[in-house]
Structure formats: structure tokens, C-alpha cells
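Fair warning: this is a prediction, and the values are worked out from it, not measured in the lab. Atoms within each ligand, like the ligands themselves, are counted from 1 in listed order.
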Amino acid sequence: MTRSWSLECSSCGKTRSADGLPGVCDCGQPYLVRYSCAPPPAAKSLLVERPWTLWRYREWLPLGEREAPVTLGEGGTPLLAALRLGARHGFADLWVKEEGANPTGSFKARGLAAAVTRATLAGARRFVVPTAGNAGVALAAYAARAGVAARVYAPASTPPTILRQIRSFGADLVLLDGHIGDCGTAARAYALESGAVDVSTLREPYRIEGKKSLALELAEQLGWTLPHAIVYPTGGGTGLIGMWKGFGELMRAGWVSGSLPRMYSVQAAGCAPVVQAFRAGAAGCTPWSDPRTIAAGLRVPSPLGDRLMLAVLRQSGGEAVAVADAQLAAAAQELQMLEGIDASPEGGATLAAALELKARGVVKPDERVVLFNTGAGWLYRG
Ligand SMILES: *Cc1c(COP(=O)(O)O)cnc(C)c1O
């Protein structure tokens, strides 16, 4: 049977074909990709001979049998045992997924590779993205790889090295005073006037599919088992939502069994709309005014995927935690000095949150816990 996929609105449930360049549903909410069938069991034995990029899971991804992806070798990042860190803090089974090892230095490569692949196959020649930083670098690189144009809107306060990276891949960078929400408004206006494809978080359905590879890869690296707890730095939510979608699909296909991981979302104290909504028992977020944090990727005051994120946290039995900038910076430094991992501030935030969750008894010392260093620390320096 040939596998195909269609799109289903995550809110109203309306479906449509995946033809063309799908944006959001008429109701304003994101579409999710639904496949006609699960990957065949034989897909597992094919893995031994495939390179370690996310396309080794092509039977799980939106890529036809005869289609070629736009790729820089994204995915296949190390899952590192954090023995010294674990010993210091009393974790018996602590791991770090080192996403800084991706092309362009962050896990954004996974989503943009998938989004640029689908859109260019549908004929797109021009792209736009609003960014807190790393999505802009990733779009710039994948657009160059595909030979198409990219416009990036970023806050003027974005770390300078990230801005230099965006320009160096040839993207047309526009700086704005404000945050990623303001950049999103400008990006939508530009998309309307120019016909550029808007690859903002959850405004097209394929970045989520790229991020889903995090779940597949983690499961394979752990011998087709899942950890007890995942601590993830949450901004727009693609990582959290994509991973949860991946775990569910793995479970339904019978590639893993047992319990799903508890998903813990970490935000910066200076921009924590998901934490606030989680604690209030709300279904969606209230926009955060005056968002401030050195963890650029977490400076997302009003995420479009708020309802999906909150549902993941609740369904999984996890929660949301806020950490102060001083804490996340100190934790990032600890990852560097104790494990040699070049942690970004967002990666540091996961360690800071894990310490808090363990101190509160929410995460137990012998549980298998995976932290995500979502980006390389050098992008935030100089
Ligand atoms: C974008 C980003 C995040 C937030 O990820 P989402 O999946 O959008 O929630 C975290 N860390 C880094 C380094 C990022 O670039």
C-alpha cells in the first residue's frame, strides 16, 4: 500500500488534502499531518543501512518514495550520558540530547528542513520567517541549499552572532524593535504582498513533522524504549508538540510499548505564558507583556500552539516550570564545565528545571531523564 497523508485541524477537526501550500485552518488554528497508514514493521530493519540523519525515518515523514529532501544532514545528534552531572545532583540516569550538533547549530534545522522540502516540492521559490533567532539561521541555510530566497524578521535585540549567521547564508534580514510576535505581523504582511511562503511556527504543518524526528531518534537511541521524563525548553512549542506526536505514532505502530514520557516544559521567568496558563488551569495562554530573557528562543509571549502545548503537558502528566535568567545561565555553564557540552541558555534552562523538579520530588533520582540542549552556546556569545 502506498502511504499518503492529509491535514487535520488541531482544533475544529476539519480535514483537507495536503496539496499545494497549506497554511492554517480557516478557524485560525494549526493543521497536523495525518498519515493513511502506519510505517510497515519492515521499516525498522531498513534502518541499519541508513545514514544518521532524520531522513532515516522517511517512512514516518511527509516524503514520497520518489521525492528527495532538501537536506544538510540534520538530525542524528548525540544522546550523551551525563554521568558527572548526574553524580553531582543525584540523578542515576541522566541524559542530554545534544541538538547543538545540528547543521546551523540548533534543533530548528529539523523543522525547517521538512518545511522547505515540502514547500519547494510544491513550487515555492520565496520564503519568510519571523524568528527569535535560530529559526532565521535555519531558514537562511535551507533556502540557500534549495536555491530559493529567504526574508527573515528578527528582533534587533537578537544575539549578534545569530544575526551574523542569518546574513552570512544570504538571507534578507530585517530587524525590528519588539519581539517575535511583532516580527510575525511583519512577516505575514510581507507574505501577502510578495507571495512568499510563511514558515512561522505552526503556520504550516511540516515543521512539526521535522521535529517529530526527535522522538523517533530518542526511542531508537534508547533501544526502542522511552524515558520517564523529558525536560524541554519551550518557546513556540514545535519541539514539545512534535515529540509528543512522534511518541504517540510510535506507540500506535507498536515500535515502543509501556508508558509515554512525562513532558516538562521550561520557560524563562521573564517570559512564561505557558507556565502561567498551566498553573491557572487555563486551556490557552494570556499574552505575556514585556517579555525579557537572555534565552532568545524562549522569548515567545503569545504562542499560536498554546492549546496544543498545554494539552501535551496535561495528557503526559508533566508540568511547566519557570527559571530565572541567572539560574539558566549558571546551569548552562555547568553543562559546559562538567560535561563539555556547549549549552545554550535554553539548554541550561532544562538543567535548572530538572534540579527544581527533583528537589520537589516530582522527578525521582532513579528515573531516566532526558534534557535537551536545543542549540549551541557559541551562537549566543560574541
Ligand atoms: C526555538 C528554540 C527553542 C524553543 O523551541 P520551540 O520548539 O519553538 O518551543 C528552544 N531553544 C532554542 C535554542 C531555540 O532556538
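- With hydrogens left out, the protein atom closest to atom 12 (C) of ligand 1 is Thr374 OG1, 3.3 Å, a heavy atom.
- In summary, Glu319 and Arg262 do not engage in a salt bridge, as defined by a charged side-chain N under 4.0 Å from a carboxylate O.
- Residues Val274 and Leu310 form a side-chain contact, since some pair of their non-hydrogen atoms from C-beta on lies under 4.5 Å apart.
- Closest protein heavy atom to atom 5 (O) of ligand 1: Phe107 CZ, 3.2 Å.
- Among all protein heavy atoms, the one lying closest to atom 8 (O) of ligand 1 is Gly236 N, 3.0 Å.
- Interface atoms of ligand 1 facing Tyr380, defined by a heavy-atom separation under 4.0 Å, are 13 (C).
- Neither the backbone nor the side chain of Phe372 has a heavy atom within less than 4.0 Å of ligand 1.
- At most 12 non-hydrogen atoms from other residues, nucleotides or ligands lie less than 6.0 angstrom from CZ of Arg84.
- The N/O atoms of Leu240, backbone and side chain alike, include none that comes under 3.5 Å of an N/O atom in ligand 1.
- One finds a salt bridge joining Glu99 and Arg110 here, because a Lys/Arg side-chain nitrogen approaches an Asp/Glu carboxylate oxygen to under 4.0 Å.
- Salt bridge Arg118/Glu204: absent, no basic N to carboxylate O contact under 4.0 Å.
- Of the protein's non-hydrogen atoms, the one nearest atom 3 (C) of ligand 1 is Lys108 NZ, 3.5 Å.
- Contact atoms of ligand 1 toward Gly239: 7 (O) (distance under 4.0 Å to a heavy atom of the residue).
- At least one heavy atom of Thr234 sits less than 4.0 Å from an atom of ligand 1.
- When each atom of ligand 1 is checked for a heavy atom of Asn134 under 4.0 Å away, the hits are 13 (C), 14 (C), 15 (O).
- Of the candidates Gly105, Ala132, Gly237, it is Gly237 that places a heavy atom closest to atom 6 (P) of ligand 1.
- Taking every non-hydrogen atom of Thr238 and a distance limit under 4.0 Å, the qualifying atoms of ligand 1 come out as 6 (P), 7 (O), 8 (O), 9 (O).
- Between Arg151 and Glu193 no salt bridge is recorded (no basic side-chain N to carboxylate O distance below 4.0 Å).
- In terms of heavy-atom proximity, Leu250 sits nearest to Ala215 at CD1-O, 3.9 Å.
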Just do the side chain to side chain contact (heavy atoms under 4.5 Å, CB included) check on Thr201 and Leu304 with the steps written out, would you?
CA-CA 8 Å; Thr201 296; Leu304 177 61; over 6 Å; no
